[in-house]
Amino acid sequence: MANVANKYAKALFDVSLKKENLDLMYEELEVVNHATQDYTKDLKAIDSNPNQPASQRRQFVEHVFGEANGYLKNMLMILANNRHLELINSIFKEFKSLYNEHYNQDSAIVESVYQLSDEELERIKALIINKTKLAQVHITTKINPNLIGGFRVKVGTTVLDGSVRKDLEQIERKFKRVN
């Protein structure tokens, strides 16, 4: 299903780029994603109900998402027709990935033992940009007392681990090799 979600996201991304409303599309799709995040099971039930015709699923989309821009609403209608409403969250993830790639940006999760200062976050942001060659990084912080000290950064699939815990694990592995 990820491949299906990717196709929907790519089509929506391409039309948004062509119509020069990429940022608006991202914002609206993000709102739809947020609104449906806790209702994936319900959307799946709507998709899989054999007694519910496509017209009822389209009415549902019209009622819930009627204020969305035309292109997004059209995609949601297609999802309703094809019994793919449950893919909304996956489509957003794929769209976000395309959007971030287009703007050469990404989100990063910075874990530390304590709340980092703005100055520390700016230095970490500069480090991330230097290592990843991204133009922009959006940072979310998370307190993780298991790190003991230092910090760990996750950007996409890349992990930059400068934690004391990692250092101790590396020392432990070296000792095991010596024995």
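What you see is a predicted model, and the numbers here were worked out from it, not measured in a lab.
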What's the spacing between [X] [atom1] and [Y] [atom2] if we round to 0.5 Å?
| X | Y | atom1 | atom2 | result |
| --- | --- | --- | --- | --- |
| Met75 | Leu29 | CE | CG | 5.5 Å |
| Phe151 | Leu116 | CZ | CG | 8.5 Å |
| Leu98 | Tyr26 | CG | OH | 11.5 Å |
| Glu27 | Asn69 | CD | CG | 11.0 Å |
| Ser107 | Asn100 | OG | CG | 5.5 Å |
| His84 | Leu43 | NE2 | CG | 13.0 Å |

### Query
Taking side chain as C-beta onward, heavy atoms only, is Ile91 less than 4.5 Å from Leu79?
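Yes, side chains in contact.
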### Query
Any side-chain heavy atom of Thr40 sitting closer than 4.5 Å to one from Lys44?
no
### Query
Mind checking what makes ring pair (Phe, Tyr, Trp, His ring centres under 6.0 Å) contact with Tyr39, not counting sequence neighbours?
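Scan of Tyr39 (ring pair (Phe, Tyr, Trp, His ring centres under 6.0 Å), adjacent residues dropped) gives none.
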### Task
Report the C-alpha separation of Glu28 and Val32 in whole Å, then their side-chain angles, then the decisive distance to 0.1 Å, and conclude whether the side-chain contact (heavy atoms from CB on, under 4.5 Å) test is met.
CA-CA 6 Å; Glu28 288 194 24; Val32 168; 5.7 Å; no
### Message
Going by salt bridge (Lys or Arg N to Asp or Glu O under 4.0 Å), name the pairs with one or both residues in residues 47-65, residues two or more places apart or in two chains.
### Response
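Counting only pairs at least two positions apart or across chains, the salt bridge (Lys or Arg N to Asp or Glu O under 4.0 Å) contacts touching residues 47-65 are Glu62-Lys73.
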Residue list, side chain to side chain donor-acceptor pair (under 3.5 Å) with [X], at least two apart or on another chain:
| X | result |
| --- | --- |
| Asp42 | none |
| Thr36 | Asn89 |
| Asp106 | none |

When hydrophobic residues are tied together by side-chain contacts of less than 4.5 Å, even through go-betweens, does [X] share a cluster with [Y]?
| X | Y | result |
| --- | --- | --- |
| Val4 | Val61 | yes |
| Ile129 | Leu121 | yes |
| Ile88 | Val64 | yes |
| Leu72 | Val31 | no |

### Task
Would you list the pairs meeting ring-ring contact (aromatic ring centres under 6.0 Å, His included) in which at least one residue belongs to residues 46-69, sequence neighbours left out?
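Pairs touching residues 46-69 that pass the test: none.
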Extract all donor-acceptor atom pairs below 3.5 Å that involve side chains of residues 138-148 and protein atoms in other chains or at least two apart in sequence.
| from | atom 1 | to | atom 2 | distance (Å) |
| --- | --- | --- | --- | --- |
| His138 | NE2 | Gln105 | OE1 | 3.3 |
| Asn144 | OD1 | Asn146 | N | 3.0 |
| Asn144 | ND2 | Glu111 | OE1 | 2.6 |

### Donor-acceptor contact present, side-chain Arg152 to main-chain Ile109, <3.5 Å
no
### Summary
In terms of heavy-atom contacts, Leu87 and Ala5 come closest through CD1-N, 4.4 Å
### Task
Tell me, yes or no, whether the heavy-atom count around Glu101 atom CD, taken from other residues, nucleotides or ligands under 6.0 Å, exceeds 12.
no
### Query
With sequence neighbours left out, which residue pairs that include part of residues 118-136 fulfil the side-chain hydrogen bond (donor to acceptor under 3.5 Å, both in side chains) condition?
Tyr114-Glu120, Ser117-Glu120, Glu119-Arg123
### Message
Holding to side-chain contact (heavy atoms from CB on, under 4.5 Å), I want the full list of residues that pass it with Asn74, two or more places apart in sequence or in another chain.
### Response
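In terms of side-chain contact (heavy atoms from CB on, under 4.5 Å), with neighbours along the sequence ignored, Asn74 is linked to Ile78.
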Listing, residues 11-23 side-chain donor-acceptor contacts under 3.5 Å, not counting sequence neighbours, or none:
| from | atom 1 | to | atom 2 | distance (Å) |
| --- | --- | --- | --- | --- |
| Asp14 | OD1 | Lys10 | NZ | 2.8 |
| Asp14 | OD2 | Lys10 | NZ | 3.3 |
| Ser16 | OG | Leu12 | O | 2.7 |
| Asp23 | OD1 | Tyr99 | OH | 2.7 |
| Asp23 | OD1 | Tyr103 | OH | 2.9 |
| Asp23 | OD2 | Tyr103 | OH | 3.4 |

